[in-house]
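First the proteins, then the strands, lettered A, B, ... as listed; each starts at 1. Heavy atoms only: backbone and side chains are in, while hydrogens, waters and symmetry mates are out.
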Protein chains: 2
Amino acid sequence: MNLIRERGVAMKKKQTVTIYDVAREASVSMATVSRVVNHNHNVKPETEQKVLNVVKKLNYRPNDVARGLASKKTTTVGVIIPNVTNSYFAALARGIDDIAEMYQYNIILTNSDGDEKKEIKALNTLYSKQVDGIIFMGNDISDEVREELRNVRTPVVLAGSVDPKNEFPSVNIDYRKAIYAQFNKLFENGNDRIAFIADNLSRSINKDYRIRGYQDALKDAGVPFRKSLLIEATDVSYESGYKLQERLIKSGATAAIVSNDDVAAGIMNAMGDNRINVPEQFEVATSDNTQLTEMTRPTMSTITQPLYDIGAVSMRLLTKVMDNEEIENNNILLSFGLKKRESTKD
Amino acid sequence: MNLIRERGVAMKKKQTVTIYDVAREASVSMATVSRVVNHNHNVKPETEQKVLNVVKKLNYRPNDVARGLASKKTTTVGVIIPNVTNSYFAALARGIDDIAEMYQYNIILTNSDGDEKKEIKALNTLYSKQVDGIIFMGNDISDEVREELRNVRTPVVLAGSVDPKNEFPSVNIDYRKAIYAQFNKLFENGNDRIAFIADNLSRSINKDYRIRGYQDALKDAGVPFRKSLLIEATDVSYESGYKLQERLIKSGATAAIVSNDDVAAGIMNAMGDNRINVPEQFEVATSDNTQLTEMTRPTMSTITQPLYDIGAVSMRLLTKVMDNEEIENNNILLSFGLKKRESTKD
DNA sequence: CTGAAAGCGCTAACAA
DNA sequence: TTGTTAGCGCTTTCAG
């Protein structure tokens with residue numbers, strides 16, 4: 001080993017300079033170097049300066065892996081996302097990364113496609129990598145995932161994803177109230193056959209939240225429930241929305257509440273392509289207020305959600321959990337709104 | 001230490017089971033456990049089975065951090081992306097992650113906003129984290145970034161980002177030829193005042209590639225170059241496109257080649273809102289073929305790029321570089337096409 | 001086919 | 001304020 005070090009420039013392999021090298025060169029102990037590198041205050045200014053000089057001279061960069069092993073902290077958090085390509089989740093991811101960066105964390109990003117198997121696999125990998133925390137996105141969590149989440153014993157926060165059992169910290173909007181409000185708008189516009197559309201009606205986020213809001217509204221409005229107005233899309237894509245148009249018309253609906261912007265855009269464009277005017281003949285209200293809502297013609301009325309903030313707040317919450325801080329409220333609901341654009345009458 | 005382990009269940013701190021525990025329980029050495037966990041063939045089947053049983057019984061999970069320190073491989077690669085929220089880059093990121101997963105790598109994702117300072121900071125962080133490789137996205141690389149990239153001495157591949165000096169491996173399409181082809185289409189449609197729009201005309205990807213293609217075409221078509229037709233957007237957003245519309249009309253252009261789909265959508269919608277018909281009165285051709293091109297009305301004609309593949313191929317290329325494989329071609333150009341939709345006449 | 005032992009580069013008591 | 005010394009959990013020669 002020493003032989004290798006001595007040979008210096010003659011070495012072929014790239015020479016990594018370690019804390020030991022710095023210590024020797026600065027005539028101090030490794031502990032002291034560690035202290036100055038970690039901005040530990042208990043170091044005499046002169047010593048600190050001396051070390052800093054050597055650090056610069058040798059271009060020393062601490063090895064985070066070694067650090068992680070010794071300190072049991074990796075300063076990285078895992079992020080499970082259904083699909084980066086989905087603008088709703090991408091917006092959250094951006095919020096997460098920004099706050100993570102602010103708190104000196106890095107993000108390991110894994111796409112799950114909302115698939116339970118992949119989610120579990122990702123969780124295991126993240127666990128092996130010793131991440132300090134995990135942000136989980138995926139609308140809701142299956143029992144198997146819940147089990148795994150308990151298992152890994154790593155702080156977890158759900159972002160834009162509900163936990164009906166309130167077992168894990170989460171950041172969301174109140175989906176039930178949001179749909180309730182949206183229904184009423186549409187109802188006031190004269191619609192009493194309002195369809196509700198989501199990609200998976202049996203998922204908790206729909207079954208336990210959105211559809212309940214829908215039914216609350218139905219009840220208060222004195223409108224009977226019609227099962228045929230609950231429509232399931234094959235997935236959260238533009239195409240799946242486009243294909244739904246015919247069925248929607250046949251259902252007798254005159255308006256639709258859609259839980260995803262891409263799907264809503266598909267429905268709207270399909271209406272237009274089939275000479276059904278939006279909003280005159282059919283009103284469409286969507287849910288995510290992604291930028292797409294302003295790009296379509298007509299533009300889309302929507303629930304407004306603070307997407308970026310949902311991500312940002314989740315990450316902030318996670319830092320608190322990781323630091324064992326006292327959490328006053330584990331299930332944060334950010335406020336939503338209703339934005340009227342051109343796809344609804346009022 | 002032993003004391004602590006002995007206390008077993010009595011311990012408060014969560015007990016992590018290590019390779020040492022497995023070895024003891026299975027009455028073999030750590031080395032043997034390591035071998036079976038890493039699927040090293042030189043292990044007698046019975047021994048392997050015995051170890052595997054204990055692994056399962058104790059629910060042993062290898063610690064990747066310790067592994068990383070010992071083996072100097074972290075099986076994670078860094079990905080620098082301007083913005084996950086940008087659908088062009090998000091599509092590449094998805095391709096990257098899928099192939100990474102296939103090769104057992106994880107991805108550390110960092111948003112740079114295309115900002116040189118952030119790019120350099122990210123590079124340094126990734127270096128500290130000892131990533132095995134880096135995928136860089138950002139259109140092109142400044143001299144400072146180039147310097148840093150050389151410095152870190154970690155395999156790098158550029159995805160959807162040009163390196164005019166061909167110093168680093170990269171995966172792209174031939175932007176010059178693509179713009180050339182697109183110009184000709186528009187020219188054949190009867191336009192001789194065709195604007196070219198990008199967010200930063202002085203960036204290499206525009207200056208050295210796209211604008212050259214534009215000028216090649218100009219020359220072959222015998223059309224004089226007009227500087228006023230080279231238009232810079234403030235950024236790659238829908239709004240910046242929307243705001244450009246007036247200037248575009250004033251420039252005398254009758255068609256535009258736009259280098260970003262969001263910007264193109266903004267321009268198109270602004271035209272529509274100002275009662276200028278696309279494509280009858282103004283033709284718009286865009287560049288990325290993201291899904292947005294099908295969502296706008298009219299739909300957008302575009303260059304088609306294999307976005308997902310650019311990411312996927314980049315990651316595949318990176319695995320080769322990391323494995324020191326012989327690379328036949330360092331600068332991969334994937335094929336592009338031209339897709340006619342409704343925003344151009346032919 | 002298996003084991004012993006020396007690290008990987010750093011942090012964190014504990015002393016001094 | 002600084003140094004000494006154990007490890008952190010695993011891989012990897014090198015023997016046997």
Side-chain angles (χ1 to χ4, degrees), chain A residues 1-5 13-52 54-55 58-75 127-130 132, chain B residues 1-5 13-52 54-55 58-75 127-130 132:
Chain A
M1 188 63 225
N2 266 328
L3 220 174
I4 292 179
R5 288 220 183 279
K13 281 190 73 170
K14 75 179 159 192
Q15 195 61 50
T16 71
V17 3
T18 74
I19 199 172
Y20 175 78
D21 299 319
V22 177
R24 189 165 29 67
E25 187 79 10
S27 317
V28 296
S29 71
M30 289 164 58
T32 299
V33 177
S34 176
R35 287 188 188 102
V36 347
V37 169
N38 292 303
H39 305 104
N40 196 316
H41 21 276
N42 293 341
V43 180
K44 196 171 23 160
E46 299 103 83
T47 319
E48 177 170 15
Q49 197 49 58
K50 189 170 60 177
V51 172
L52 252 22
V54 177
V55 164
L58 265 41
N59 191 27
Y60 167 69
R61 323 279 201 103
N63 178 328
D64 275 351
V65 174
R67 235 180 205 171
L69 184 59
S71 70
K72 296 178 168 299
K73 283 192 187 322
T74 53
T75 64
Y127 179 58
S128 293
K129 293 251 155 135
Q130 313 293 123
D132 297 335
Chain B
M1 189 60 229
N2 266 330
L3 220 174
I4 294 180
R5 289 220 181 279
K13 281 189 72 171
K14 74 179 158 190
Q15 195 62 49
T16 71
V17 4
T18 74
I19 199 172
Y20 175 79
D21 299 318
V22 178
R24 189 164 31 67
E25 187 79 9
S27 315
V28 296
S29 71
M30 289 164 57
T32 299
V33 177
S34 176
R35 287 189 188 102
V36 348
V37 169
N38 293 302
H39 304 104
N40 195 316
H41 22 275
N42 294 341
V43 181
K44 198 173 19 163
E46 298 102 85
T47 319
E48 176 170 15
Q49 197 49 57
K50 188 169 60 177
V51 172
L52 252 22
V54 177
V55 163
L58 264 42
N59 190 26
Y60 166 70
R61 322 278 201 103
N63 179 327
D64 275 351
V65 175
R67 232 179 209 175
L69 184 58
S71 70
K72 297 181 169 298
K73 286 197 187 317
T74 54
T75 63
Y127 180 58
S128 294
K129 294 250 155 132
Q130 314 292 122
D132 297 336

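When the salt bridge (Lys or Arg N to Asp or Glu O under 4.0 Å) test is applied to B:Glu25, the partners found at least two apart in sequence or on another chain are B:Lys57. Remark: B:Asn63 pairs with no residue by the side-chain hydrogen bond (donor to acceptor under 3.5 Å, both in side chains) rule, at least two apart or across chains. For A:Ala70, there are no side-chain contact (heavy atoms from CB on, under 4.5 Å) partners at least two apart in sequence or on another chain. Listed by chain and number, the residues in a side-chain hydrogen bond (donor to acceptor under 3.5 Å, both in side chains) with A:Asn42 amount to none (sequence neighbours excluded). Taking B:Lys50 as the reference, nothing meets the side-chain hydrogen bond (donor to acceptor under 3.5 Å, both in side chains) condition, with sequence neighbours excluded. With sequence neighbours left out, the side-chain contact (heavy atoms from CB on, under 4.5 Å) criterion links B:Ser34 to B:Ile19, B:Asn38. By the side-chain contact (heavy atoms from CB on, under 4.5 Å) test, B:Ser29 pairs with B:Ala31, B:Thr32, sequence neighbours left out.
In this structure, B:Thr47 reaches the C:dT2 phosphate: one of its side-chain N or O atoms is under 4.0 Å from OP1 or OP2. Between A:Thr32 and D:dG3 there is a side-chain N or O to OP1 or OP2 distance below 4.0 Å.
Within the 4.5 Å cutoff, no side-chain heavy atoms of B:Val17 are placed close to those of B:Asn59.
If you take CZ of B:Arg24 and P of C:dA4, they are 14 Å apart, rounded to a whole angstrom. Taking atom CG of residue A:Asp21 and atom P of nucleotide C:dG9, one finds them 9 Å apart after rounding to whole Å. Between A:Leu69 atom CG and D:dC8 atom P there is a gap of 9 Å when expressed in whole angstrom units. Following rounding to the nearest Å, B:Asn40 (CG) and C:dG3 (P) show an atom-to-atom distance of 14 Å. Atom NZ in A:Lys129 sits about 18 Å away from atom P in D:dG9, given to the nearest Å. Here the C1' atom of nucleotide D:dA6 and the NZ atom of A:Lys72 are 14 Å apart, to the nearest Å. Rounded to an integer number of Å, the gap from NZ of A:Lys73 to C1' of C:dA12 is 13 Å.
B:Val65 comes within contact range of no nucleotide atom at all, as no heavy-atom separation falls under 4.0 Å.
Among B:Asp21, B:Val37, B:Thr16, the one residue that satisfies the side-chain contact (heavy atoms from CB on, under 4.5 Å) test with B:Tyr60 is B:Val37.
In the helix from C:dC1-D:dG16 to C:dA16-D:dT1, the terminal helix axes, each the rotation mapping four pairs' C1' atoms onto the next four within five end pairs, subtend 30°, rounded to 10°.
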- Task: Can you check each nucleotide of nucleotides 10-16 of chain D against protein heavy atoms at under 4.0 Å and return B for base, S for sugar-phosphate only, - for none, in 5' to 3' order?
- Result: BBB----
